[in-house]
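Any value given below was found using the heavy atoms of this structure, including those in side chains, with hydrogens, waters and symmetry copies removed. Order of the sequence lines fixes the chain letters, A, B, ..., with proteins taken first and strands second; residue numbering starts at 1 for each chain. In this text the structure is predicted, and so the values were computed from the model without any measurement.
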Amino acid sequence: MDEFLTAVALVISLNAVICLYRAAVGPTTQDRLLGVNIVGTKTLVVVILVTFILAENYFLDVAIVYALLLFVVTVAVSRYLEAEGWKEAES
Amino acid sequence: MNWLSAVLGERILGTAKAFRRRGLLFVIMILFWIILTASLALHEMLLGAICSAAVAALTVSLLGRALDPHITPAVLLRLPLFMLRLIWEIVKANLDVARIILNPGLPIDPRIVEYRTYLPGDLPRTVFSDSITLTPGTVTVELRGDLLNVHCLCPYHEEGLAGLERLVAWLFGVRRDGEVRKGG
Amino acid sequence: MTAKEIVAGIFCCIGTFFFILGTTGLLRMPDIFSRLHPSTKCDTLGACSVIVGMAVYSGWSWDLLKLIFIACFLLLSSATCGHAIGRSALRRDIPYWRRQDEGAKSGDGA
């Protein structure tokens, strides 16, 4: 079962690397943010898988904090971009 | 009527409402504490209760707005059924999006439509827009007052919105004509 | 191989499939609003089904509670993240992609 979970984690990590393409060349800043968000979701799942591969319970706390942090980062950065846009539109 | 008593006894009920908000916030905080510590030992629970009470007392003005008027026991009772139905809708949505993505021709015709909802209050509208985002081919991109801007992937996706709105209205016990509580 | 492991493996395979689908959609879609669709839907379902598989695998323990919490939070947060990104794109007046070739395809008019 451990080998299977490792294979799943590897495939998901490969997906995350491919998603970095969108974060690197995305035409708009929002595309980059979306790419980063998706990479974060995939990393979260890999952390959960690593919890059960290594049989270490405390990684789940890392996963919880990672999920909370990912949400806060995405919302804060998108609010920031929005505010910047308003400033540009007014001036 | 509900709103009349709310208007008349606002100052008397104000403290009770704030107390209820603090209690609700305290319950949520301590549930989160139990999930994080993963134990039910006495000293852990005592420390958690102290911390939760302090956090709930300090942040009630920050977080309390999101909680208050629409969370009732009936709604909490209907929530699991709603979640089951929503998960079924999400699975259908994913199969639909999968069919679109894997099609070599990419048969999409996106457009942004405006949708005016009759749901009152912040919480039902938030639940409605989140449900829209998770169900077939539609993403809420703006929510201002009772007007939603919804980005639809294909024109036929727009038809699913009314049924979803009925589902959320059923969850919160809102009828289409009456009982639109203003000033909440 | 117990039955528990087989069920967990099936859920993990479903989740991986949806993750690959989300990546494909992210690369193929023409504009930011369309890219929100695969990212919010396929990624959420992929993550949730892997988490459900791991919950089945872990059995009755405190890990189960934490996994359920993460799944519920992901359902809420990814929809909200998609909405926030979409709103910031809308307010920056990023134009959204419309299908131009009405004559080439046999699509409906209006």
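- Put simply, CZ on Arg35(C) and CD1 on Ile38(A) are 10.5 Å apart, with the number rounded to the nearest 0.5 Å.
- Listed by first then second residue, pairs satisfying side-chain hydrogen bond (donor to acceptor under 3.5 Å, both in side chains) with a partner in residues 9-21 of chain A read Asn15(A)-Thr23(C), not counting sequence neighbours.
- In this structure, the separation between CG on Asn37(A) and OG on Ser78(C) is 8.0 Å, given to the nearest 0.5 Å.
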* Given Lys42(A) and Asp43(C), is the side chain to side chain contact (heavy atoms under 4.5 Å, CB included) satisfied, shown in steps? -> CA-CA 8 Å; Lys42(A) 285 172 176 148; Asp43(C) 253 34; 3.8 Å; yes
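- For chain C, the nearby parts of Leu34(A) are the backbone and the side chain; heavy atoms of each come within less than 4.5 Å.
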* Would Leu74(C) and Leu44(A) satisfy side chain to side chain contact (heavy atoms under 4.5 Å, CB included), going step by step from the backbone distance to the final call? -> CA-CA 10 Å; Leu74(C) 260 183; Leu44(A) 171 70; 3.9 Å; yes
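- Residue Val45(A) comes nearest to Ala47(C) through the heavy atom pair CG2-CB, 3.6 Å, listed as atom of the first residue, atom of the second, then distance.
- For the set Val50(C), Thr16(C), Ile20(C), the entry with the most heavy-atom pairs within less than 4.5 Å of chain A is Ile20(C).
- If you tally non-hydrogen atom pairs under 4.5 Å between each of Gly82(C), Ala84(C), Gly53(C) and chain A, the highest count goes to Ala84(C).
- Checking side-chain atoms of Arg22(A) against main-chain N and O of Leu26(C) turns up a donor-acceptor pair under 3.5 Å.
- The stretch residues 59-68 of chain C places Asp63(C), Lys66(C), Leu67(C) near chain A, each with some heavy atom under 4.5 Å from a heavy atom of that chain.
- If you take CZ on Arg79(A) and CZ on Arg91(C), they are separated by 7.5 Å, rounding to the nearest 0.5 Å.
- Rounding to the nearest 0.5 Å places CZ of Phe69(C) at 12.0 Å from CG of Leu60(A).
- For Phe19(C), the parts sitting under 4.5 Å from any heavy atom of chain A are the backbone and the side chain alike.
- Remark: Glu5(C) engages Met1(A), Met1(C), Thr2(C), Tyr57(C) in a side-chain contact (heavy atoms from CB on, under 4.5 Å) (not counting sequence neighbours).
- Residues Gln30(A) and Ser88(C) approach most closely at NE2-OG, 2.8 Å, considering heavy atoms.
- Using a 4.5 Å cut-off between heavy atoms, Ile70(C) touches chain A through its side chain atoms alone.
- Within residues 8-15 of chain C, the residues having any heavy atom closer than 4.5 Å to a heavy atom of chain A are Ala8(C), Gly9(C), Cys12(C), Cys13(C), listed by residue number.
- Looking at Ser58(C), the atoms closer than 4.5 Å to chain A (heavy atoms on both sides) sit in the backbone and in the side chain alike.
- Atoms CZ and CD1, from Arg32(A) and Ile32(C) in turn, are 11.5 Å apart once rounded to the nearest 0.5 Å.
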